[in-house]
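Presented below is the structure to which this report refers.
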Amino acid sequence: MSTFPPGPSSQVLGMISYLRDPMGCMAPMAQKYGDPFSFPGNPPLVCVGDPAGIRAIYTAEPGTFAPLSSDFAVFLGRTSLLLLGDEEHRRTRRLMTPPFHGARMRAYGESMCRLAEAHTVDWKPDQKVSVYEVAQQISLDVILQAVFGVSEPERMKELATLLLDLFNGISPLIALFPSMRREFGGIGPFASFKRRQRLLYEHLDALVAAAREDGSREDILSMLVQARYEDGQPMTEEELRDQLLLLVVAGHETTAASIAWAFYALHRPENAAVLARLRDELDALGPEPGPEKLDKQPYLDAVCQETLRRFPLAPAPAPRKLLRPMELLGYSLPVGTGVGVAIGVTHFREDLYPEPMRFLPERFLERKFTPFEFVPFGGGARRCLGAAMASYEMRLVLATVLRRYRLRLASLRPDKGKVRAANAAPAHGVRMIVEERLA
């Protein structure tokens, strides 16, 4: 049994290829080197897109993998769910899961539809709009209202500014080079980051304190404040603050990018029949169907799933570090190896998705894919906590806007995507022209 599968000779060249074409570069590597394939390094990184290999990773025994490097704790917080080890991750995730599922999650539907309407109400015929930018605004406002429990316009604007200033202002120098994470007497990019971070923390701590005082609220922060671990202990202020930041990082850009990609795909000329079928489904619902009725439309759901397949937000793997040896599709991987699921390979496999580059929502009406074949939100114990809520928001925002406007793409130039905040988002913002207001 071999140790590492073949692959590109340079990790740097692989990264350059990914930055140039995040969604299109992974499948050719699998075709050239096989699946799995690996990148050299210390340690090497092994990528797999084969469902059998994905199953092996997602069903591995607890404790097989280490979490993401704690090097990111300076940005996300020491107790962020993303950085916790196996047992801590399990107990914290169990505490955080209920607000993102079932009736509690669906309670935010009215707010999602209302915010989609509010951010598009001023659109006029012949106006050019960036769907990606508008989706970012909607997504952040959904987080502020549903997660943080903030609904006053001025307070929302203030918090949005603080959050965006913090994350948009992270210099590549401090992100890539830990040695630069020194305040140097208050001068330099890290000192600037720390000042913005302390200011934001003050506001988040105030939100946590307010949630502790008011037990009648139903936002996600209030639910987390009231939740208890198995030993009866609540989350600390630090834990609550770190999880709030994670929910912004994980839910803001990702949801906005998915919504924008859906508009891009639906309005490509080759997908005119798809858009027409979706409009027929939505038009049949009458004037004011409400979020629950919108959410039950099968073709709308299929369109959103096909968007997540055809335009994967994380086509390259987020690696996990092996804490014990692992056999993966004929290779014996030693401790310390990086292992990742290559979604940009899986979602473009001909045997799973015939004509994989075509946008065909019917795939998801004709067949149910396994959690190892369709993996837009990852899988296993570390599957995206907010996957259900993000999908719900995507369906409602898409339906709300399509029922009110006819749009067309401002340019038919193909968009290969661009890496933004670790996601493959539209490179050109999905700029569209408003043709007609319908309702």
Side-chain angles (χ1 to χ4, degrees), residues 1-19 22 25-74 76 78 80-90 93 175-179 312 314-349 370-373 375 377-384 422:
M1 184 174 287
S2 302
T3 302
F4 296 112
S9 59
S10 168
Q11 200 169 54
V12 173
L13 291 177
M15 179 58 69
I16 292 173
S17 176
Y18 178 69
L19 292 174
C25 73
M26 299 299 290
M29 291 185 190
Q31 293 166 2
K32 181 175 181 179
Y33 301 107
D35 188 358
F37 57 94
S38 65
F39 293 96
N42 187 22
L45 171 62
V46 176
C47 307
V48 62
D50 187 310
I54 296 174
R55 179 188 291 271
I57 292 173
Y58 286 165
T59 60
E61 289 293 322
T64 300
F65 305 101
L68 188 67
S69 171
S70 60
D71 188 50
F72 291 92
V74 67
L76 298 177
R78 183 179 59 87
S80 175
L81 182 68
L82 196 64
L83 305 179
L84 296 179
D86 181 55
E87 183 56 30
E88 286 183 306
H89 179 271
R90 181 199 62 77
R93 185 182 175 96
L176 299 175
F177 302 104
S179 61
R320 310 178 186 194
K321 184 178 180 180
L322 284 178
L323 294 178
R324 60 182 66 166
M326 181 181 191
E327 293 187 6
L328 183 67
L329 300 184
Y331 296 93
S332 183
L333 307 180
V335 171
T337 303
V339 178
V341 171
I343 300 173
V345 174
T346 312
H347 284 189
F348 299 108
R349 287 176 62 103
T370 75
F372 315 112
E373 296 171 335
V375 287
F377 297 103
R382 291 183 179 266
R383 185 175 186 268
C384 175

Please walk me through it: do D86 and R90 pass side-chain contact (heavy atoms from CB on, under 4.5 Å)?
CA-CA 6 Å; D86 181 55; R90 181 199 62 77; 5.6 Å; no
Show your working on side-chain contact (heavy atoms from CB on, under 4.5 Å) between R383 and R93 and close with a plain yes or no.
CA-CA 10 Å; R383 185 175 186 268; R93 185 182 175 96; 4.2 Å; yes
Going through the checks in order, is the side-chain contact (heavy atoms from CB on, under 4.5 Å) test met by T370 and R55?
CA-CA 10 Å; T370 75; R55 179 188 291 271; 5.5 Å; no
Please report the C-alpha distance between Y331 and T3 in whole Å, then the side-chain angles of each, then the deciding distance to 0.1 Å, and finally whether the side-chain contact (heavy atoms from CB on, under 4.5 Å) criterion is met.
CA-CA 5 Å; Y331 296 93; T3 302; over 6 Å; no
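Shortest non-hydrogen contact noted between L45 and G340 is CD1-N, 4.4 Å. Closest non-hydrogen pair, V48 versus I57, comes out as CG1-CD1, 3.5 Å. Across every non-hydrogen atom of L328 and A56, the tightest pair is CD1-CB, 4.0 Å. Across all their heavy atoms, T64 and E61 have their closest contact at OG1-O, 2.6 Å. Across all non-hydrogen atoms, the minimal contact from V345 to A30 is CG1-CB, 3.8 Å. Of all non-hydrogen atoms in Y18 and P315, the two that sit nearest each other are OH-CD, 3.6 Å.
With sequence neighbours excluded, the residues satisfying side-chain contact (heavy atoms from CB on, under 4.5 Å) with A52 are D50, L329. Every residue two or more places apart in sequence or in another chain that forms a side-chain contact (heavy atoms from CB on, under 4.5 Å) with L323 is listed here: A66.
Between F37 and Y33, the ring-plane angle classifies as tilted under the 30° and 60° cut-offs.
The backbone N or O of V46 lies less than 3.5 Å from no partner atom in the side chain of S38, so there is not a single donor-acceptor pair.
In this structure, R78 CZ and L84 CG are separated by 9.5 Å, a value rounded to the nearest 0.5 Å. Note: T59 OG1 to I54 CD1 = 11.5 Å, rounded to the nearest 0.5 Å. Once rounded to the nearest 0.5 Å, the distance linking CE of M29 with CZ of F39 reads 4.0 Å.
Annotation: side chain of F4 is in contact with side chain of P334 (closest heavy-atom distance under 4.5 Å). The closest side-chain heavy-atom distance from P319 to V339 is not below 4.5 Å. Between F65 and M326, the closest side-chain pair of non-hydrogen atoms falls below 4.5 Å.
With H89 as the fixed residue, the side chain to side chain contact (heavy atoms under 4.5 Å, CB included) test singles out one of L81, L83, L82: L81.
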